[in-house]
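Quantities reported herein were computed from a predicted structural model and do not represent experimental measurements. Throughout, protein chains are lettered first and strands after them, A, B, ... in sequence-line order, and every chain is numbered starting at 1.
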Number of protein chains: 2
Amino acid sequence: MFLDPVSRFRRFARASVSEVGALDHSFLGRGRPLGVARVLNAIGHGKGDVSEIRAYLGLDSGLVSRMLRGLEEEGLVETTPDPADGRRRIVTLTPAGEAEFAAYEALSDDRARHALARHANPEALLAAMDLVASAFGRDQIALREVDPRSDVARYCLGEYYAELARRFERGFDVALSADPEAGSMIRPRGAFVVAFSDDMPVGCVGLKGTCADYAEVKRLWVAPAARGLGLAWKIMAQVEAIARELGVPLLRLDTNKALPEAVAMYRKSGWTEIDRFNDDPYPDFFFEKRL
Amino acid sequence: MFLDPVSRFRRFARASVSEVGALDHSFLGRGRPLGVARVLNAIGHGKGDVSEIRAYLGLDSGLVSRMLRGLEEEGLVETTPDPADGRRRIVTLTPAGEAEFAAYEALSDDRARHALARHANPEALLAAMDLVASAFGRDQIALREVDPRSDVARYCLGEYYAELARRFERGFDVALSADPEAGSMIRPRGAFVVAFSDDMPVGCVGLKGTCADYAEVKRLWVAPAARGLGLAWKIMAQVEAIARELGVPLLRLDTNKALPEAVAMYRKSGWTEIDRFNDDPYPDFFFEKRL
DNA sequence: CATGATAACTGACTTAAGTCAGATAAAAAT
DNA sequence: ATTTTTATCTGACTTAAGTCAGTTATCATG
């Protein structure tokens, strides 16, 4: 039938192949084989030495070597031995190489802009693309600790608050809630973890240490694009590991009945429901977990 | 920034490239170069003669010829002259070729099933994929007249009714509405048009001819995945063209205030609002357009 | 029926991409 | 201090993919 899941998936694959193939083809317009263009782009995107390029593009060592010699002859890249390890070679773009890389970037950017401009609702298209990209890249999602006052952290918290405002019956106002002061979410008292999928933040959680008895898990958020991938479990496992590392004996958290997925997950992952332990106006449920 | 539209688009492109590349790679497992495998697949998907294959895959005539000779030697395909045009050659799969094609299909299907099975909400992932695929394939959307009693037509109408039920304040019950009898949406009295994107139905409209004075436009629907592509305009232009062809002097339609995009589109495309011309309980607005 | 156009084919070629077996030099392990 | 491992490079090769000029048979058209 025209609607079974496999057909729909494969329709998507076909459409993407031709779109992606068209991008490759546009790269050929700069008179350089695709393989060489890809190496140049890898360097431009910060792949700093030969083995990194090789790993990133999955190419044979000899092949990369030869392509680098070619780019050197064109005057686009320079290689110098790594001072820390004389076997390795560090590859950098010359000014001419930067210009060439910028030209390739411009091609990709134009293509993206053009495709988006044709759609009457680009935000809907981008949301769909985010979802697909997150699903494809699910195994590459990386958790990193960041400063809770950094731009990424503030972005995640903003999205989290906006989601609460949408889902809580009477909305959500950060000022009324116990806003974790940033200092309590920085080591050694606590931590703030952000999940990145290919540099895009797709989730976060805060570990707030305020007293010796316990620490609190706050601001668990998963971007709509990354839901269904088990990311919340992964983030929670990480925050528990950090808490153990910091010597926290007990974790507590509160949550709201408007977030049933979260409540269900806590119940299923070893948290036990307890009595109210704060006077925050929003939460309906309170949990703790001994480490 | 990590969130500007171009970065998001390109993140999607990167993720799709590796996913699509992995599919190509899995094809290599059957000991045949990718180009040859693609030719075999083209034949399996109904590309019946050499020029069709060539056009579909965008390949050189000599190259396709050679690959076909190879497949013939393997005993996977047979070519016979086209009885209607002796220059053309018709290519068919032998039983062994069918088996080989099925094996490739199974690889793609497995891959799709596997990717979908990993997601906790496959329907959300598929909806996103449908949206992206429709946007990429927007220029290939084809309008075809079908029998309003056919499976595709019934599918479209079902989706249309479900959408009305969601959007109308008091729901929607087909039985209460003037359900166009199929006969009035078949030539010469009327027509039923379905929009296909790569074999998936993404929109429809009915032209219902019941009297000599005018015909009615009914059941205009665009799938959520295909919204933002200007498809409604295209469908309406087509239905008007068909009406002219049938010698209809005047078109009428009714619509509901819960569908403001539709109302806005009618106003912007030459329709004039008129008084109620039927006693259907649902519509709030009535339009006509002289041809 | 002569002429030109078209579809498929063949042979001779080029380029891109990848593989593989050493060579070399530096680092790490014993 | 010697051996082993690792990172990169070179040269010699293979395969895949594509290009192009020219051939043959058939079709379409005046």
Check: When we call it a touch if two heavy atoms are under 4.0 Å apart, what does B:S51 touch: a base, just sugar-phosphate, or nothing?
Finding: sugar-phosphate

Check: When all nucleic acid strands are considered with a 4.0 Å heavy-atom cut-off, which category describes B:G86: base, sugar-phosphate, or nothing?
Finding: sugar-phosphate

Check: Tell me: CZ of A:R54 to C1' of C:dG18, nearest whole Å?
Finding: 14 Å

Next item on the list: Could you pick out which residue, A:D60 or A:R88, lies toward the 5' side of DNA chain D when each is mapped onto its nearest nucleotide?
Entry: A:R88

Checklist line | Nucleotide C:dC9, atom C1' - distance to CD of B:E72 in whole Å | finding: 12 Å

Next item on the list: Would you kindly say whether A:R11 and B:S134 are connected by a side-chain donor-acceptor distance under 3.5 Å?
Entry: yes

Checklist line | Trace of the side-chain contact (heavy atoms from CB on, under 4.5 Å) decision for A:L93 with A:L40 | finding: CA-CA 8 Å; A:L93 294 178; A:L40 189 67; 3.7 Å; yes

Next item on the list: For B:S65 and for A:A84, locate the closest nucleotide of DNA chain C by heavy-atom distance; then report the residue assigned to the nucleotide nearer the 5' terminus.
Entry: B:S65

Check: Between B:L57 (CG) and C:dA8 (P), how many Å, whole number?
Finding: 14 Å

Margin query: Of the options C:dA28, C:dT19, D:dA25, whose atoms approach the side-chain atoms of B:R87 most closely?
Written below: D:dA25

Next item on the list: Kindly say if A:R66 contacts the phosphate of D:dT10, meaning a side-chain N or O under 4.0 Å from OP1 or OP2.
Entry: no

Notebook entry, point to check: Do you know the tightest heavy-atom contact between A:A115 and A:L125?
Noted result: O-CD2, 4.5 Å

Check: Between atom CG in A:L63 and atom C1' in D:dT8, what is the gap in whole Å?
Finding: 14 Å

Note to self: Taking 4.0 Å as the cut-off, does a side-chain nitrogen or oxygen of A:R89 come that near to OP1 or OP2 on D:dC9?
What the structure shows: yes

Note to self: Applying a 4.0 Å non-hydrogen cut-off, can you work out what A:G35 is touching in the nucleic acid: base, sugar-phosphate, or nothing?
What the structure shows: sugar-phosphate

Notebook entry, point to check: From the list D:dT8, D:dC27, C:dA8, which nucleotide is the closest neighbour of the side chain of B:D85?
Noted result: D:dC27

Next item on the list: Report the distance from atom CD1 of A:I90 to atom C1' of D:dT8, rounded to the nearest whole Å.
Entry: 14 Å

Note to self: Looking only at the side chain of A:R69 (C-beta and beyond, no hydrogens), which of the listed nucleotides D:dT10, C:dG18, C:dA8 gets closest?
What the structure shows: D:dT10

